Amino acid sequence: MIDPKALRENPTKFRQGAADKGVVIDFDRLIALDERRRAVMTDLESRRAEQGRLGKETGPKMGQLKGKLKAAMGAEAAAISAELAELERKPQSLKAQIAALELELASVEPAWRELLMTVPQPPAADVPKGTGAQDNKELRRWNPKGFDSTKSFEAQRGFKPKTHLELVRDLKLADFERGVKMSGTRHYVLTGMGMRLHQAVLRYALDFMADKRGFTPMGVPVIVREECMMGTGFFPFGREQAYHIEESKRGNAHDLFLTGTGEVGLMGLHADEILSASDLPRTYCTLSTCFRREAGASGKDTAGLYRIHQFDKVEQVVVCQALESESRTWHAHMMESVEMILQSLGLPYRLLQCCTGDLGMKNEDMVDIECWMPGRGDDGADGRPTGDWGETHSASRLGDYQCRRLNLRYRDGEGRTQFAYALNNTVIASPRVLIPILEMHQQKDGSVEIPAPLRVHCGGATHLRPA
RNA sequence: GGACAGGUGGCCGAGUGGCCGAAGGCGCUGGUUUGCUAAACCGGUAUACGCGCAAAACGCGUAUCGCGGGUUCGAAUCCCGCCCUGUCCUCCA
């Protein structure tokens with residue numbers, strides 16, 4: 001959520017930001033609603049003040065009169081009744097006015113709020129303008145020794161690479177048929193060493209963040225209330241991407257939702273809290289199962305482990321003070337963590353600065369990290385894929401947009417409360433990251449060499465071999 | 001899933017129609033004093049929104065006693081609905 005005061009003071013900034021993101025918002029209506037809302041509030045409040053004053057002045061007297069009225073008779077009673085009616089006239093008319101204003105506010109306020117929630121966070125000034133992924137700018141890339149992602153796999157390694165689908169089949173690492181049998185399309189079963197490799201990479205990543213980067217590991221709910229999804233900014237727009245658990249039909253008041261990322265649980269932790277400045281930054285990581293409906297992705301990446309409904313992810317978030325410099329420092333730190341991990345796994349990768357059109361609602365800045373996947377991409381002359389980049393990570397700076405929605409604040413040095421800044425980034429998402437691991441480390445004999453850091457979690461094995 | 005009890009400020013806790021944004025205590029904090037530790041005394045100590053101000057400070061106002069609605073000139077207090085928490089029973093990795 002954006003700051004409504006900031007919108008009032010500088011509407012152009014938000015109009016431009018929405019335009020840069022390719023989002024259409026009826027700002028005129030929003031501004032009109034805001035003005036009406038404030039006018040009604042001012043009026044309402046002054047009448048309530050008047051009501052309170054009157055109540056204090058004449059209220060006790062009315063109480064007394066009512067007491068007397070019970071005991072009085074005849075002409076005396078009539079006189080008291082008349083006096084009472086006179087006393088009640090003004091507060092009663094005030095009451096009617098207040099009720100009318102309240103009614104209006106009850107329609108204006110929610111409409112205003114709903115529209116306000118849809119205003120996207122304006123991109124940071126240095127984010128390149130663009131309309132979609134094709135306008136993203138590569139920041140840098142890295143290659144392991146002896147491999148260059150601009151040259152063909154075969155030329156460098158001396159054999160044609162298998163795709164991860166073929167490797168998974170030949171090495172018996174996953175069973176798609178039975179996954180689909182149980183749960184439908186885009187489901188899978190990890191089998192044997194496939195499951196071990198999956199767990200190994202997750203465990204390695206979580207340990208890395210805790211041991212080498214000082215992040216606090218957390219186990220958080222993956223079943224959350226709607227407020228959590230709203231607060232973290234995944235709703236209302238991402239609603240059709242989330243699995244919905246209907247509980248209200250069973251008598252409970254709240255439906256629940258499965259989270260698509262550990263970010264929801266980590267950021268929801270401190271919702272509605274006021275932290276002290278010394279509590280910041282909070283640096284958390286979690287390992288959680290992620291659920292995504294992938295609505296609208298029909299036909300894309302339908303085969304294999306790339307686009308699936310359920311996966312596991314180690315996620316990192318930072319909640320820091322509301323300073324641009326601090327946000328940027330942590331952003332770099334989070335990306336550095338990922339680069340360290342990818343380098344240790346020997347995976348070529350590149351960093352892409354996302355353009356304004358590719359940021360999404362809540363981000364002011366985002367860098368995607370893509371790994372080189374030899375089994376992806378267009379087919380070459382031999383009918384085999386020529387390799388392509390595939391997104392494995394996404395590092396976002398959210399400014400105060402998310403914490404404002406979550407009502408997550410801290411008390412700064414001067415004792416003022418402020419909305420904190422938030423950031424998040426993938427640490428590792430598996431099984432997707434198994435794709436580059438398998439494809440990059442495959443050997444001519446059909447085996448796959450397990451990257452050194454993962455072996456300890458694979459029972460000491462150095463290779464995956466066909467049975 | 002069943003039964004009962006209960007939700008008041010950072011915490012504890014008083015408060016059954018106007019004098020209550022709310023006693024008292026604890027905590028925190030500023031000060032005074034006692035040559036240390038500690039104590040005593042005095043003061044301060046919620047959040048949001050609106051208006052004023054160029055803005056901060058500040059001033060004024062409104063709302064908030066779990067949430068929503070109702071009764072009333074007036075609700076922490078009365079009525080209705082809901083949510084949540086605790087305890088016991090049941091079930092369970």
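Protein chains get the first letters and strands the later ones, always in sequence-line order, with residue 1 at the start of each. Quick caveat: nothing in here was measured; it's all calculated off a predicted structure. For the numbers below, each heavy atom of this structure counts, side chains included, while hydrogens, waters and symmetry mates do not.
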Ring-face cation of A/Lys362 near A/Phe234 (centre distance under 6.0 Å, axis angle within 45°): yes
Any A/Arg225 side-chain N or O less than 4.0 Å from OP1/OP2 of B/C84: yes
Short side-chain N/O contact from A/Arg411 to OP1 or OP2 of B/U47, under 4.0 Å: yes
Closest to side chain of A/Thr42, choosing from B/G61, B/C73, B/G50: B/G50
Distance test, side-chain N/O of A/Arg38 to OP1/OP2 of B/C51, below 4.0 Å: yes
Given B/C84, B/G61, B/A48, the nucleotide with the shortest approach to the side chain of A/Thr417: B/A48
Separation between the C1' atoms of B/G15 and B/G21, rounded to whole Å: 13 Å
Test item: side-chain donor near acceptor, A/Ser183 and A/Tyr188, under 3.5 Å: no
Pair assignment for B/A56, Watson-Crick or G-U wobble, requiring both distances under 3.5 Å: none
Any strand: nucleotide that pairs with B/C4 via Watson-Crick or wobble, under 3.5 Å: B/G86
Nearest-angstrom distance, P atom, B/C73 to B/C84: 35 Å
Parallel, tilted or perpendicular: rings of A/Tyr243 and A/His309 (30°, 60°): perpendicular
